[in-house]
S.K.: 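I'd like to ask some things about the structure below.
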Amino acid sequence: KRYEPRQGDVVVGVIDLRLVETYKVNIGAPYMAILPALAFQNAHRKNKPELEAGDVVCARVVKADPDVEPELTCDEDDLGVLNEGYVFDVSLSHAHALINNDSLLAQLAKSVVFETGIGRNGTVWVKGDDTKSTLAVSRLIRE
């Protein structure tokens, strides 16, 4: 199924287009989401992030209406740009299961060091110590 944004959802998205004061972000919804350049923690006119197409962000949906583009924010500690790593999609139900029951991730963390970002939109970001561990963790999450 296609992701339908809801206010408060945490999503992982890919910057698709950079405009003057906003970014268009692909979150797997019917419309591209809007991420204002000033919607980052400690951002102001002279100090705002310089993101490019292809950059990955973890953001919260602040406005969601079925007829207009959703609006995102990255103004919390755990949100923002996700550097490096590997991005892939899983089913919405699998993403929700991973978010609600992190026992799989806890088991993996006992043997491999990694970071992960899982969005309600079914997009997952994984970064391990090296390429081999990143791919191994992503494969286990998908299975």
Side-chain angles (χ1 to χ4, degrees), residues 1-43 47-143:
K1 288 186 172 182
R2 183 172 209 124
Y3 171 67
E4 293 293 330
R6 292 188 179 157
Q7 188 172 343
D9 282 357
V10 173
V11 296
V12 174
V14 179
I15 303 293
D16 194 53
L17 181 65
R18 177 183 174 179
L19 302 171
V20 176
E21 293 294 323
T22 61
Y23 301 100
K24 296 282 189 161
V25 183
N26 183 351
I27 59 170
Y31 301 105
M32 289 287 182
I34 296 172
L35 176 60
L38 297 176
F40 289 82
Q41 228 177 11
N42 302 321
N47 179 27
K48 56 187 176 186
E50 295 294 326
L51 304 177
E52 300 294 333
D55 287 346
V56 180
V57 294
C58 184
R60 182 174 307 281
V61 177
V62 291
K63 290 182 185 173
D65 186 302
D67 299 324
V68 296
E69 297 171 315
E71 187 175 325
L72 306 175
T73 186
C74 292
D75 65 356
E76 298 172 29
D77 282 339
D78 295 340
L79 305 178
V81 180
L82 301 173
N83 295 315
E84 302 172 357
Y86 178 60
V87 178
F88 57 95
D89 293 321
V90 296
S91 69
L92 295 178
S93 60
H94 187 53
H96 294 189
L98 289 168
I99 292 167
N100 294 328
N101 181 6
D102 64 352
S103 61
L104 167 68
L105 300 177
Q107 288 292 344
L108 283 173
K110 291 179 181 177
S111 58
V112 180
V113 176
F114 66 95
E115 296 176 68
T116 186
I118 302 168
R120 288 234 173 247
N121 58 335
T123 303
V124 178
W125 169 84
V126 175
K127 179 183 174 188
D129 281 344
D130 54 27
T131 304
K132 185 177 178 181
S133 62
T134 299
L135 293 175
V137 170
S138 63
R139 188 183 73 246
L140 289 170
I141 289 174
R142 276 187 272 186
E143 291 175 359

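Note that this is a predicted model, so its numbers are computed, not measured.
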S.K.: Rounded to the nearest 0.5 Å, what separation is found between the CG atom of L72 and the NZ atom of K24?
M.R.: 11.0 Å
S.K.: Would you say the side chain of D89 lies within less than 4.5 Å of the side chain of N121, judging by non-hydrogen atoms?
M.R.: no
S.K.: When you look at CZ of R6, are more than 12 heavy atoms from neighbouring residues, nucleotides or ligands closer to it than 6.0 Å?
M.R.: no
S.K.: Can you measure from CD1 (I34) to CG (L17) and round to the nearest 0.5 angstrom?
M.R.: 11.0 Å
S.K.: So E52 and I15, do their side chains get closer than 4.5 Å, heavy atoms only?
M.R.: no
S.K.: Keeping T73 on the side-chain end and A39 on the backbone end, is there a donor-acceptor pair under 3.5 Å?
M.R.: yes
S.K.: Would you check if Y86 and V137 make a side-chain contact, meaning some heavy-atom pair closer than 4.5 Å?
M.R.: no
S.K.: Taking W125 for its side chain and E84 for its backbone only, find out whether a donor-acceptor pair lies under 3.5 Å.
M.R.: yes
S.K.: Could you measure the distance from the CG atom of D129 to the CD atom of E115? Nearest 0.5 Å is fine.
M.R.: 9.0 Å
S.K.: Considering non-hydrogen atoms only, spot the tightest contact between R2 and A29 and give its length.
M.R.: NH2-O, 3.1 Å
S.K.: List the atom of R60, the atom of V10, and the distance in Å for their closest heavy-atom pair.
M.R.: NH1-CG2, 3.4 Å
S.K.: Compare every heavy atom of L51 with every heavy atom of Y23, then report the nearest pair and how far apart it is.
M.R.: OH-N, 3.2 Å
S.K.: So does D130 have more than 12 non-hydrogen atoms from other groups sitting under 6.0 Å from CG?
M.R.: yes
S.K.: If you look at every heavy atom in C58 and L79, which pair is closest and at what distance?
M.R.: O-CB, 3.4 Å
S.K.: Can you measure from CZ (R120) to CG (N100) and round to the nearest 0.5 angstrom?
M.R.: 5.0 Å
S.K.: Please evaluate residues V25 and M32 with respect to the criterion side chain to side chain contact (heavy atoms under 4.5 Å, CB included), reporting the C-alpha separation (whole Å), side-chain torsions for both, the decisive distance (0.1 Å), and the verdict.
M.R.: CA-CA 6 Å; V25 183; M32 289 287 182; over 6 Å; no
S.K.: Are any non-hydrogen side-chain atoms of V87 and T123 less than 4.5 angstrom apart?
M.R.: yes
S.K.: If I compare all heavy atoms of I118 with all of A95, which pair ends up nearest, and what's the gap?
M.R.: CG2-O, 3.9 Å
S.K.: Walk me through it: do L108 and L140 pass the test side chain to side chain contact (heavy atoms under 4.5 Å, CB included)?
M.R.: CA-CA 9 Å; L108 283 173; L140 289 170; 3.2 Å; yes
S.K.: Nearest heavy-atom pair of V112 and F114: which atoms, and what distance?
M.R.: O-CD2, 3.4 Å
S.K.: Assess whether side chain to side chain contact (heavy atoms under 4.5 Å, CB included) is satisfied between Y31 and V68, documenting all intermediate values.
M.R.: CA-CA 7 Å; Y31 301 105; V68 296; over 6 Å; no
S.K.: Do the side chains of E76 and Q41 get nearer than 4.5 Å, heavy atoms only?
M.R.: no
S.K.: Taking D9 for the side chain and P5 for the main chain, is one N or O donor matched with an acceptor at less than 3.5 Å?
M.R.: no
S.K.: Decide yes or no for E4 and P30: does some side-chain heavy atom of the first lie under 4.5 Å from some side-chain heavy atom of the second?
M.R.: yes
S.K.: Under a 4.5 Å cut-off applied to non-hydrogen side-chain atoms, are I141 and L98 in contact?
M.R.: yes
S.K.: Run the side chain to side chain contact (heavy atoms under 4.5 Å, CB included) check on V124 and V12 step by step: do they pass?
M.R.: CA-CA 7 Å; V124 178; V12 174; over 6 Å; no
